[in-house]
Amino acid sequence: MEQRERLAALRAEMKQQGVDIYLIPTADFHNSEYVGEYFKVRRYITGFTGSAGTAVVTADQAGLWTDGRYFIQAAAELEGSGFELYRMGVEGVPTIGEFIGQNLPQHGVLGFDGRTVDAAQADKLRAVVEKKQGTLSVTEDLAGKIWTERPPMSCTRTWILKEEYSGESAASKIGRIREAMREAGAGYHLISSLCDNAWILNLRADDISHVPVFLSFLLIGEADVRLYIQEEAVDDEVRAYLGNCGVEIRPYGEIYGALAELPAGTALLADKKQVSCRAISSLQPGVTVIDRENPSERMKAVKNPTELANTRRAHQKDGVAMTKFMYWLKTNVGRIPMTEYTAQEMLDGLRAEQEHFLDLSFGDICAFGPNAAMMHYSADPETAAQILPEGMLLVDSGGHYLEGTTDITRTFVLGPVTPQMKLHYTTVVRCNMALANLKFLYGCAGTSLDVICRAPLWEMGIDYRCGTGHGVGHILNVHEGPNGFRYRIVPERKDSGVLEPGMITTDEPGVYLEGEYGIRTENELICVEDEKNEYGQFLRFENITYCPIDLDGIDPELMTQKEKKQLNEYHKRVYETVSPFLTEEEREWLKIYTREV
């Protein structure tokens with residue numbers, strides 16, 4: 001079926017079920033940022049392939065809400081689908097709640113699959129519906145019903161991340177979580193976040209592409225721990241390991257029944273922004289929900305010394321792969337045929353050569369010329385643009401290694417560029433370094449610091465429609481809260497937490513001009529302690545990304561002496577870190593691309 005046929009089929013299901021408006025989020029049963037193929041219902045219905053977006057369908061309207069990262073891509077992919085693009089955060093564009101409030105008839109019915117909408121969002125939607133004396137219908141996956149060739153739910157084998165890489169045992173982590181439960185007055189704690197479950201148990205798998213997690217729920221009690229997981233995902237070794245950790249294995253689908261069996265009077269710690277409304281509605285009326293973030297969320301965000309040491313090694317390997325790619329690209333462009341797709345294949349191969357490489361940390365973004373203006377562009381082998389010795393190529397990529405996870409963006413100059421391009425390129429680098437070299441007092445969140453990074457662009461009347469940076473998981477989702485850099489609080493992003501020593505956050509300002517070009521420079525920063533005095537504890541950042549920033553795009557005349565010194569010091573560290581692992585020819589080339597400006 002084509003998109004319009006699928007939309008018509010969904011409307012027929014809605015009419016049969018008496019549903020006036022149907023909502024389809026981009027979500028699995030765990031509110032994951034990225035989801036497995038089985039859960040890509042919104043993509044199936046709308047045709048929009050981006051990782052973030054919500055579809056809302058009425059009898060005569062259909063809309064897709066997504067954020068600024070995807071405006072250009074979504075506009076192109078929704079053409080002819082019957083769905084209208086609603087640009088989130090843009091003045092005059094209604095929110096999803098406002099749209100539902102305006103279009104739901106009196107006594108109408110709003111429907112969605114209650115397993116895929118978190119309890120906090122469901123509460124907000126219920127409030128909107130009740131103003132119209134309407135009701136919610138949350139037990140049917142109407143969109144999934146018409147997906148006749150739906151792929152099966154992923155079920156990959158779990159494997160143990162040894163303590164030499166994790167730095168802390170599962171038993172220790174469970175003990176710390178129980179302390180937090182006691183402080184909160186909770187007898188049980190429900191964790192549906194796949195990254196939290198993987199981190200707590202020191203297990204990994206491959207149930208989501210490039211996110212090494214496994215479909216599961218974890219129910220931690222004062223004296224017992226139950227893991228609800230597809231049993232085929234657990235082999236004898238992992239089963240024995242979990243038994244030694246005091247963890248019982250239960251079938252994945254039994255979680256809702258287990259929650260229904262919690263006795264009245266139980267206090268359950270659960271993050272309603274993470275746990276589905278189906279899970280919360282399964283509870284008996286006498287069960288109290290203590291709604292707060294999972295204790296493990298902040299625990300895993302603050303990397304322990306083992307994780308930090310390992311992550312630095314991962315970045316050294318990644319820097320070697322990226323530098324070798326930059327050398328190959330700069331010396332071969334215009335001499336051999338290459339496309340966006342073949343270039344990213346070359347980079348993937350260089351990463352795969354590194355010891356302990358596991359997987360890419362996300363799908364590569366390799367975008368030439370105007371394609372780079374789409375923040376989350378994805379090259380297709382059939383339609384990828386030819387890379388020519390002109391303009392710029394933006395490459396956003398990363399890897400999972402046994403030692404840790406990386407995320408890096410470089411924009412490479414491949415030929416003649418305009419003065420405006422050099423202005424924008426140099427300004428983006430200045431923005432990046434302003435944040436990377438900042439010293440600040442403990443208590444700051446990313447919302448306190450983001451303006452420092454954007455200031456040079458804001459002075460030019462330019463901005464980028466995304467955050468400046470995100471936390472990075474340790475062999476988990478490359479995007480992780482609660483830390484991030486963003487000038488305003490976006491509640492659903494959950495990235496405005498106070499910065500703590502040990503947190504790793506990306507620093508990735510950019511310029512995106514639709515139809516022209518895109519520029520981004522991204523490094524990862526570890527938050528570390530600096531001096532402590534009568535004013536408090538000062539913090540700073542350690543830059544752990546090692547790859548040249550293309551000096552062919554830099555106009556030194558636009559930089560202060562301080563900024564030049566910062567760039568020169570960064571490039572000195574890049575050369576010292578990466579050069580021992582290069583060929584003699586590559587080393588000589590690297591000397592040129594890490595020269596002082």
Side-chain angles (χ1 to χ4, degrees), residues 30 32-36 154 156-170 172-174 191 193-216 218 227 229 233-234 237-238 241-242 245 294 296-322 348 351-364 396-408 470-483 502-506 524-526 544-545:
H30 308 274
S32 304
E33 179 182 14
Y34 301 108
V35 299
S154 180
T156 57
R157 285 292 180 92
T158 52
W159 53 274
I160 302 164
L161 183 67
K162 296 178 180 178
E163 219 169 304
E164 63 190 277
Y165 298 110
S166 69
E168 184 182 6
S169 69
S172 172
K173 293 175 180 180
I174 291 168
I191 311 165
S193 163
L194 302 183
C195 288
D196 287 65
N197 291 345
W199 179 83
I200 292 165
L201 298 176
N202 289 335
L203 293 177
R204 301 293 189 270
D206 194 26
D207 278 355
I208 299 176
S209 182
H210 309 313
V211 185
V213 296
F214 45 94
L215 297 174
S216 60
L218 197 58
L227 174 64
I229 186 172
V234 184
E237 181 187 13
V238 172
Y241 163 78
L242 289 171
C245 296
N294 298 333
S296 51
E297 182 176 327
R298 194 165 296 270
M299 292 177 187
K300 69 179 166 59
V302 178
K303 276 56 181 177
N304 62 48
T306 299
E307 290 173 319
L308 291 173
N310 281 329
T311 298
R312 292 184 184 98
R313 284 192 280 272
H315 276 276
Q316 181 186 57
K317 298 175 187 182
D318 209 64
V320 171
M322 277 296 299
D348 293 350
R351 275 202 171 92
E353 290 175 2
Q354 303 303 312
E355 185 184 25
H356 294 164
F357 174 79
L358 299 173
D359 189 11
L360 303 179
S361 55
F362 55 97
D364 297 331
D396 185 357
S397 63
H400 291 300
Y401 303 82
L402 265 179
E403 290 81 6
T405 296
T406 68
D407 184 2
I408 175 175
H470 54 84
V472 180
H474 188 76
I475 324 177
L476 293 168
N477 193 349
V478 74
H479 297 151
E480 178 181 89
N483 48 308
M503 287 180 168
I504 299 177
T505 318
T506 64
E524 285 187 33
L525 311 174
I526 301 176
I544 57 170
T545 299

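The basis for the numbers below is simple: all heavy atoms, side chains too, and nothing from hydrogens, waters or symmetry mates. The residues of the chain are indexed from 1 along the displayed sequence.
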What are the two closest heavy atoms between [X] and [Y], and how far apart are they?
{"X": "G404", "Y": "H474", "result": "CA-CE1, 3.9 Å"}
{"X": "A352", "Y": "F357", "result": "CA-CD2, 3.6 Å"}
{"X": "I475", "Y": "R204", "result": "O-NE, 2.8 Å"}
{"X": "A198", "Y": "L476", "result": "CB-CD2, 3.6 Å"}
{"X": "S154", "Y": "L215", "result": "O-CD1, 3.6 Å"}
{"X": "T505", "Y": "N483", "result": "OG1-ND2, 2.9 Å"}

Out of curiosity, [X] [atom1] to [Y] [atom2], how far, rounded to the nearest 0.5 Å?
{"X": "E237", "Y": "L242", "atom1": "CD", "atom2": "CG", "value": "10.5 Å"}
{"X": "T311", "Y": "K303", "atom1": "OG1", "atom2": "NZ", "value": "7.5 Å"}
{"X": "I544", "Y": "L525", "atom1": "CD1", "atom2": "CG", "value": "8.0 Å"}
{"X": "M503", "Y": "L308", "atom1": "CE", "atom2": "CG", "value": "12.0 Å"}

Does any N or O in the side chain of [X] come within less than 3.5 Å of the main-chain N or O of [Y], such that one atom is a donor and the other an acceptor?
{"X": "H470", "Y": "V478", "result": "yes"}
{"X": "D407", "Y": "E524", "result": "no"}
{"X": "H30", "Y": "L194", "result": "no"}
{"X": "N304", "Y": "T306", "result": "yes"}
{"X": "S216", "Y": "F214", "result": "yes"}

For [X], check salt bridge (Lys or Arg N to Asp or Glu O under 4.0 Å) against everything at least two apart and list the hits.
{"X": "R312", "answer": "E542"}
{"X": "K300", "answer": "D196, E480"}
{"X": "E307", "answer": "none"}
{"X": "D207", "answer": "none"}

For [X], side chain to side chain contact (heavy atoms under 4.5 Å, CB included) partners two or more places apart:
{"X": "S209", "answer": "none"}
{"X": "E33", "answer": "R69, N477, H479, R493"}
{"X": "Y241", "answer": "I160, A170, N202, L203, C245"}
{"X": "A314", "answer": "Y401, E403, T406"}

Problem set entry | Heavy-atom check, side chain of H356 versus side chain of R313, under 4.5 Å | no

Exercise. Are side-chain heavy atoms of I229 and N197 found at a separation under 4.5 Å?
Worked result: no

Restricting to side-chain hydrogen bond (donor to acceptor under 3.5 Å, both in side chains), what partner residues turn up for [X], sequence neighbours left out?
{"X": "D359", "answer": "H210"}
{"X": "T405", "answer": "H400"}
{"X": "S172", "answer": "E168"}
{"X": "R351", "answer": "D318, S397"}

For this session: Give the C-alpha distance, both sets of side-chain angles, the deciding distance and a yes or no for side chain to side chain contact (heavy atoms under 4.5 Å, CB included) between I208 and S32.
Result: CA-CA 9 Å; I208 299 176; S32 304; 4.1 Å; yes

For this session: Show your reasoning for whether side chain to side chain contact (heavy atoms under 4.5 Å, CB included) applies to K173 and W199.
Result: CA-CA 9 Å; K173 293 175 180 180; W199 179 83; 3.5 Å; yes

Exercise. Stepwise, does the side chain to side chain contact (heavy atoms under 4.5 Å, CB included) test hold for L218 with L201?
Worked result: CA-CA 10 Å; L218 197 58; L201 298 176; 4.2 Å; yes

For this session: Check the pair L161 / L402 against side chain to side chain contact (heavy atoms under 4.5 Å, CB included), numbers first and verdict last.
Result: CA-CA 8 Å; L161 183 67; L402 265 179; 4.1 Å; yes

